[in-house]
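Below is one structure, written out as structure tokens; comments come after it.
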Amino acid sequence: MPRTTAAPTRSETADAITVILYAAAALVTVAFATILRVASTFRETGIAWTVPIDQQPISATTDSGAISIEGFADEAMVIADGVNAASVTAIIAAIALWALAAVAVIAAVTLVAWNFLRGRFFVRPNARAFDVIGWTLVGAPILIVMLETMGRNGVTSALGIGDGEPVHPIEFWSVAPIFATGVTVGLIAVAFRRGIRLQNEKAALEKDTEGLV
């Protein structure tokens, strides 16, 4: 059986513990962010959504009315009542998928850090964890964009300002960096699998050499 563990250095141990602590904080942040997003989207009078408007001058206040400002607005938050069930479902699914994707990435990163802490580097669980991170970063943003587009179309239809439109290419470009990151992490998974194979081959060669001696 090839050896798959090695004592981590003090620096590696500190880095792994730091990652685990940050991961725990990130889970709490995701939970609060999800709750706030649900509360801000689903209001008593309908679904709140930000829609583009013709740019126009506005006068507003900030800091609970303490400061008055003037400027130009090209977006407005609207409250839509009577949004169709399919669009409501899409909005719920988009929020849930965002939360689940974040949890999946955090859990996978935590697993890798935990294995590093135990001195387990080139092992299959780490490669699988990188697969989870990569595929999540590649697939989830695209699905979220599509679901949010369906939800937005339902909101605009309920407001009577159009029947909706398909996903605009610029919206896919907005998640391109996340997609690219996912592809990069996928390459790391490939590198880990190559390292595991080389580790196993080295162990087998050493065993054969010992047998000859």
Candidate pair V88 and F42, rule side-chain contact (heavy atoms from CB on, under 4.5 Å), full reasoning: CA-CA 10 Å; V88 172; F42 296 94; 4.2 Å; yes
Nearest-0.5 Å distance, CD1 of residue I69 to CD1 of residue I58: 6.5 Å
Hydrophobic cluster membership, V38 vs V78, 4.5 Å side-chain cutoff: yes
Exam field: side chain D81 to backbone G46, donor-acceptor pair closer than 3.5 Å: no
Non-hydrogen side-chain atoms of T61 and I67 separated by less than 4.5 Å: no
Single-linkage hydrophobic cluster F122~V132, side-chain heavy atoms < 4.5 angstrom: no
ILVMFWY network linking L117 to V109, side-chain heavy atoms under 4.5 angstrom: no
Which residues share a side chain to side chain contact (heavy atoms under 4.5 Å, CB included) with T41, sequence neighbours left out: R37, I47, I91, I95
From M150 atom CE to N84 atom CG, the distance as rounded to the nearest 0.5 Å: 9.0 Å
Expected output: side-chain S157 to main-chain N153 donor-acceptor under 3.5 Å: no
Residue pair A113 / I20: nearest heavy atoms and the distance that separates them: CB-CG1, 3.8 Å
Approximate separation, where rounding is to 0.5 Å, of M146 CE and F172 CZ: 6.0 Å
Interatomic distance, S40 atom OG to I35 atom CD1 [nearest 0.5 angstrom]: 12.0 Å
Check: V19 and T110 side chains under 4.5 Å, non-hydrogen atoms: no
In one Ile/Leu/Val/Met/Phe/Trp/Tyr side-chain cluster, 4.5 Å: V112, I106: no
Any side-chain heavy-atom pair of E12 and F121 under 4.5 Å: yes
Closest approach of A101 to A140 (non-hydrogen atoms, all atoms of both residues): CB-CB, 3.7 Å
Least distance between heavy atoms, V138 atom then V183 atom: CG2-N, 3.8 Å
Point-to-point distance, once rounded to the nearest 0.5 Å, from CG of L137 to OG1 of T181: 6.5 Å
V30-L97 co-clustered via ILVMFWY side chain contacts under 4.5 Å: yes
A108 versus A129, closest heavy-atom pair with distance: CB-O, 3.6 Å
Mutual orientation of the aromatic rings belonging to F192 and F116 [parallel < 30°, tilted 30-60°, perpendicular > 60°]: parallel
Spacing of OH belonging to Y22 relative to CD1 belonging to I17, to within rounding of 0.5 Å: 13.5 Å
Beyond-backbone contact of R193 with D131, side-chain heavy atoms, under 4.5 angstrom: yes
Minimal non-hydrogen separation, G119 against P8, with atom names: CA-CD, 3.9 Å
Exercise: identify the closest heavy-atom pair between A127 and A189: O-CB, 3.8 Å
Donor-acceptor under 3.5 Å (S59 side chain, E70 main chain): no
Test item: F130 and V190 side chains (from C-beta on) under 4.5 Å apart, heavy atoms: no
Over 12 foreign heavy atoms within 6.0 Å of CZ, R43: yes
